[in-house]
Amino acid sequence: MKHPLIAGNWKMFKTIPETVNLINIIKAGVHKITDCDIVVCPAFTTLAAVSKEIEDTKIELGAQNMHYETEGAFTGEISPLMLKDVRCRYVILGHSERRQHFKETDELINKKVMAALKYNLVPILCVGETLEEREARHAFEVVKQQFDRCLKNLKAEEVARVVIAYEPVWAIGTGKTATPEQAEQMHSYIRRLLNEQFGEEVGEKVYILYGGSVKPDNIAQLMAKPNVDGALVGGASIKAESFIQIVSNASSKEAANAPNR
Ligand code: 13P
């Protein structure tokens, strides 16, 4: 059985001293929790500092974005090689804020996913519909299109190494969480796509995280759903106490919900 995976996306928050303070409180708060995989994704400028602080822990490091080339004349960009250099294991790709504000397309995200895998980084591929798309009843179609395009030309064994995060855009930073039923509906749909296109072994293996206004008081209900393997947490991950609480509440999934899948 998989351990839950809780990843914190710290977005464009925190200076180096603030980050060091945050990670140290988190470190102390989660050190006894062994049945939950924890990833923190701080800003680029603080990756090296966090990397040093978590050296002797089981907390893993992730970045929030990267370029797909190894090196080159791409002013302002960061490469997969550079992320490996600071000991990142994960990288968030295709977050809706990147799609919306920086015009990232599925084709670009596909290149990034392939580059991440080439460097042995675990891509946390974000998919999710806008409110308009949900209201027009296009949510499943939109997610399928993102799924197909972002995973294009990948072999089954490569897809097995990808983490998928379902983040409905209308739930991000709005305080409006998808209900556990809405999350489960989309997660089981994504699981079905994985099973059909890449085989059941891959479908079973891939983590599908939920993201969008995850808080200490809603994580347990979300995790209770059979296809929710963890969460990608924004706002509540940059407050040490709430992140620790989320990790702790998520890690009781195994006890609470053993006979799933
Ligand atoms: P919030 O948890 O702040 O809604 O953000 C979710 C998110 O974007 C995680 O990547």
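Order of listing sets the numbers, starting from 1, for every ligand and every atom in it. If you're wondering where the values come from, they're calculated on a predicted model, not measured in any experiment. Note: hydrogens, waters and symmetry copies are ignored here, and every other heavy atom, side chains too, is used.
At under 3.5 Å, a nitrogen or oxygen of H95, whether backbone or side chain, sits near a nitrogen or oxygen of ligand 1. Residue contacts with ligand 1: T174 is placed with no nitrogen or oxygen under 3.5 Å of a nitrogen or oxygen of the ligand (distance criterion only). Annotation: G211 places no N or O atom under 3.5 Å from an N or O atom of ligand 1; distance criterion only. At under 3.5 Å, not a single nitrogen or oxygen of I172, backbone or side chain, sits near a nitrogen or oxygen of ligand 1.
Between D148 and the options K152, Q146, K144, a side-chain hydrogen bond (donor to acceptor under 3.5 Å, both in side chains) holds for only K144.
Between atom 9 (C) of ligand 1 and the options K176, Q64, E167, K215, the minimum heavy-atom separation is to E167. Of the candidates G234, C126, A165, the one placing a heavy atom closest to atom 6 (C) of ligand 1 is G234.
At a 4.0 Å heavy-atom cut-off, ligand 1 touches L232 through backbone and side chain alike. Neither the backbone nor the side chain of S96 comes within 4.0 Å of ligand 1, counting heavy atoms alone.
Under a cut-off of 6.0 angstrom, the local environment of CD in E71 is sparse, with at most 12 non-hydrogen atoms contributed by other residues, nucleotides or ligands.
When the side chain to side chain contact (heavy atoms under 4.5 Å, CB included) test is applied to D217, the partners found at least two apart in sequence or on another chain are K215.
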Below 3.5 Å, can you tabulate the donor-acceptor pairs from side chains in residues 26-33 to any protein atom, sequence neighbours excluded?
residue: K27; atom: NZ; partner: N24; partner atom: OD1; Å: 3.4
residue: K27; atom: NZ; partner: E53; partner atom: O; Å: 2.7
residue: H31; atom: ND1; partner: A28; partner atom: O; Å: 3.0

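In this structure, F140 and Y189 have perpendicular ring planes: the angle between them is above 60°, well past the 30° mark.
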